[in-house]
Participant: 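Structure in structure tokens, see below.
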Amino acid sequence: MKKMVFFTTVITVLIFLFFVAAMTGPLTATPIQILRGLFIEFDPVVAAIYNMRFPRIFVALLAGAGISTAGLLLQSLLKNPLADPGMLGISSTATLSSMLWFIFFPRLIQLLPIAALIGALMGFALIYGLAYQENANPTRLILVGIALNALMMGLLDVINGMMGGNLPDGGGINMSFQTWRHVHLLLVYVSIGIGLTVLAIPTLDLMRLSDQTVTSIGVSVNKRRFYLAFIAALLIGIASGVVGPIGFLGLIVPHMAKLMVGQQHKTLIPATVLLGALTLLLADTVGRTVMAPLEISPSIVMSMMGGPLLIYLIRRNKRHV
Amino acid sequence: MFKVQDVSFSYGKQTVLSQVNLEITPGKITTLLGPNGSGKSTLLSLLANNKQPREGTIWLDHQLIHQIKGRAFAKRVATLHQNNEVPAEVTVGELVAYGRMPYKNRWQSLSQIDKKQIQWALEETGLTPYAHRRLSDLSGGWRQLAFIAMALAQDTPMLILDEPTTFLDLKYQLNILQLIRKLNRVYHKTIVMVLHDLNHAMTFSDEIIGLKAGGVILMPQKVADVTPDMLDQLYEVKLELIQHGNQKILLTGNGG
């Protein structure tokens, strides 16, 4: 019952927020005008919104869903509730690798997701190799991740500076230049990633047991873990390649979802997907409206909203964090 | 059954087991005893195929154990580890059902045989009334029984238990030890375990293997042959052994 209320509420808010995001900005339109313009007759204002604002909204929705799902996967496979693709430096490694790809092979932009995926996998390999020993020490894992992230963010800044850029989020990738092509790219890969995650539900449920126990019932923990890491890397890679590294999202959304619907993955995954989409769209919409015409990047909004929220969650429910 | 030949194991530079040789007698309850850090748990992990020895070989029914694949091994040997994490929102029934993993493919649902085996495991551990309860809502003793039930659902001739009674109330300790004895006597399971309580070890085992630091084997012995001297060598404390009926009792009170 609680779950039904949660899903109904999230979907309602999501639709509401979609219209708010579409309406607000330099060009304004009422919801009725937008619907008329989209489906009934041509309207220049709506056409402009469709070409410029819609891609951005869909990118936020898809990237938010993808990053949050990746966060859930990461927490499950590393058995660490504090794992976050942003904080562990996986997102920034993916962003760095896609940036380098973009700089060196600007014509091969279709292959950008592959570069981002490879970057994310490399981030994983670095963290896993440097910190994940026989007895997975959560503190060590987080510390190595933070160090890796600091290094990657530094490198991103350096490259950004060398390119003469002065972009707001330091990631070199800006939310305001999203096109329908980005939406299509994200749609394909995020759908694949979420689809694979749904297929991995039995594995995710199984990973709640200790590694030793999983091994003792004849299941290869490493194979399963690699499979989950691959899905997470795919999602983080593509999302970071398009919107840049966004911290906190992958950490907070799965925790919120767990508090709302519990820890059965068959409900937790849809909850995380919806809540992730909602949260990033909210962050982006807030970021571009509160100080208009100036923009605050969604990753900064996420940090501003996410920090206090995380502290609240930790204090409220010690069992989940 | 298990045969360990010249097995050595080390964590980094620290040697835990060196040149260990032993055999586990089929159909018996064998208990590993020894001070902290003597490598008991490591030896169990090696038998459970969870770690590989640096040197030496371990055989299971004339087959090298590292050549037996995960699922095939899990049908022959079930292992209960120490400090089991309590998985979030898992019911007792779900946990026990995981014991059937070695028998089914990924997308297969539980067969009649699986269900019967799960039911049997729940009954033997007294968990049937708790099948739908969450593990996190139960006390430590019941949780441990649930993990034992999961191992029983694996339906193996061999059971490895790493300190199954540690951190439990005396009531649950005895409950579990009596269950272990029943599994051996009635269902003929071969049992290898680590225990800390000497008197429990003497009462509930058929054979005792003593391990000293560095993995020196002191004695693969029938319980009837254990003398206070051997335990003195093992733990470096003097103990008095008294006979009570046909039961040997070690006075562990004043350390001699």
Side-chain angles (χ1 to χ4, degrees), chain A residues 2-3 72 75-81 133-138 196 198-228 254-255 257-269 271-272 317-321, chain B residues 11-12 41-42 44-45 47-52 68-91 94-109 134-136 146-148 150-156 158-162:
Chain A
K2 194 182 156 196
K3 289 172 190 169
L72 180 65
Q75 286 157 21
S76 164
L77 82 100
L78 294 175
K79 297 210 157 88
N80 191 325
Q133 292 173 340
E134 198 156 350
N135 50 344
N137 180 340
L196 290 174
V198 169
L199 290 178
I201 286 175
T203 298
L204 288 165
D205 281 335
L206 186 64
M207 294 298 268
R208 291 180 296 184
L209 301 174
S210 73
D211 284 6
Q212 285 183 322
T213 308
V214 175
T215 310
S216 72
I217 50 175
V219 176
S220 162
V221 180
N222 283 336
K223 262 189 219 159
R224 298 287 177 106
R225 186 169 272 145
F226 180 80
Y227 176 62
L228 296 179
H255 278 299
K258 274 177 204 169
L259 286 175
M260 304 292 186
V261 302
Q263 307 209 22
Q264 300 289 351
H265 286 94
K266 63 176 191 288
T267 41
L268 183 55
I269 290 167
T272 304
N317 196 326
K318 295 195 171 75
R319 231 170 23 139
H320 289 289
V321 182
Chain B
Y11 293 103
S41 289
T42 306
L44 279 198
S45 297
L47 294 179
N49 219 351
N50 222 340
K51 294 192 171 86
Q52 300 307 323
I68 309 175
K69 283 254 189 286
R71 283 185 8 174
F73 191 82
K75 288 179 193 173
R76 291 162 70 174
V77 180
T79 311
L80 174 75
H81 292 283
Q82 241 175 301
N83 309 326
N84 285 299
E85 282 164 43
V86 178
E89 291 182 28
V90 173
T91 64
E94 286 167 351
L95 183 78
V96 178
Y98 276 132
R100 298 306 292 169
M101 285 288 279
Y103 294 89
K104 54 193 196 91
N105 290 320
R106 200 183 272 204
W107 305 110
Q108 244 170 324
S109 53
R134 280 185 184 171
L135 219 54
S136 50
F147 278 100
I148 292 176
M150 174 182 169
L152 292 183
Q154 277 176 254
D155 191 21
T156 56
M158 186 118 204
L159 204 52
I160 293 178
L161 309 157
D162 194 358

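Note: hydrogens, waters and symmetry copies are ignored here, and every other heavy atom, side chains too, is used. Order of the sequence lines fixes the chain letters, A, B, ..., with proteins taken first and strands second; residue numbering starts at 1 for each chain. Just so it is clear, the structure is predicted and the values come from calculations on it, not from any experiment.
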Participant: Which atoms of B/L95 come close to chain A, meaning under 4.5 Å heavy atom to heavy atom: side chain ones, backbone ones, both, or neither?
Facilitator: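 When you check distances to chain A, only side chain atoms of B/L95 fall under 4.5 Å.
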Participant: Working to the nearest 0.5 angstrom, can you tell me the gap between A/S210 OG and B/Q82 CD?
Facilitator: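 Nearest 0.5 Å value for the OG-CD distance: 11.5 Å.
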Participant: How would you list, by chain and number, every residue that makes a salt bridge (charged side-chain N to carboxylate O under 4.0 Å, His left out) with B/D162, sequence neighbours excluded?
Facilitator: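 None.
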Participant: Just wondering, do B/T79 and A/Q212 contact through their side chains at under 4.5 Å, heavy atoms?
Facilitator: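 No - every pair of side-chain heavy atoms lies 4.5 Å or more apart.
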Participant: Could you report the tightest heavy-atom contact between A/R208 and B/P87, atom names first, then the distance?
Facilitator: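 Where A/R208 meets B/P87 most closely, the heavy atoms are O-CB, 3.5 Å.
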Participant: Going by salt bridge (charged side-chain N to carboxylate O under 4.0 Å, His left out), name the residues that satisfy it together with B/R76, two or more places apart in sequence or in a different chain.
Facilitator: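 Result, salt bridge (charged side-chain N to carboxylate O under 4.0 Å, His left out) vs B/R76: B/D61.
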Participant: Count the heavy atoms belonging to other residues, nucleotides or ligands that lie under 6.0 Å from NZ of A/K223, then report whether that count exceeds 12.
Facilitator: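 No, because the 6.0 Å sphere around NZ of A/K223 holds 12 heavy atoms or fewer from other groups.
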Participant: If you take all heavy atoms of A/G218 and B/R71, which pair is closest and at what distance?
Facilitator: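 Looking at all heavy atoms of both residues, the shortest contact is O-CG, 3.3 Å.
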Participant: Kindly indicate whether the side chain of A/S216, heavy atoms from C-beta on, has any atom under 4.5 Å from the side chain of B/H81.
Facilitator: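 Sidechains of B/H81 and A/S216: in contact.
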Participant: With side chains defined as the heavy atoms from C-beta onward, is the minimum distance between B/M101 and A/L206 less than 4.5 Å?
Facilitator: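 SC-SC contact between B/M101 and A/L206 confirmed.
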Participant: Heavy-atom cut-off 4.5 Å, strictly under: side chain, backbone, both or neither for A/T213 against chain B?
Facilitator: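 Both parts, backbone and side chain.
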Participant: Nearest heavy-atom pair of B/Y98 and A/L209: which atoms, and what distance?
Facilitator: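 The pair with the smallest heavy-atom distance is CD1-CD1, 3.7 Å.
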Participant: Heavy atoms only, distances under 4.5 angstrom: which of B/S45, B/A78, B/A74, B/G99 has the most pairs with chain A? Name it, please.
Facilitator: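 Between B/S45, B/A78, B/A74, B/G99, the count favours B/A74.
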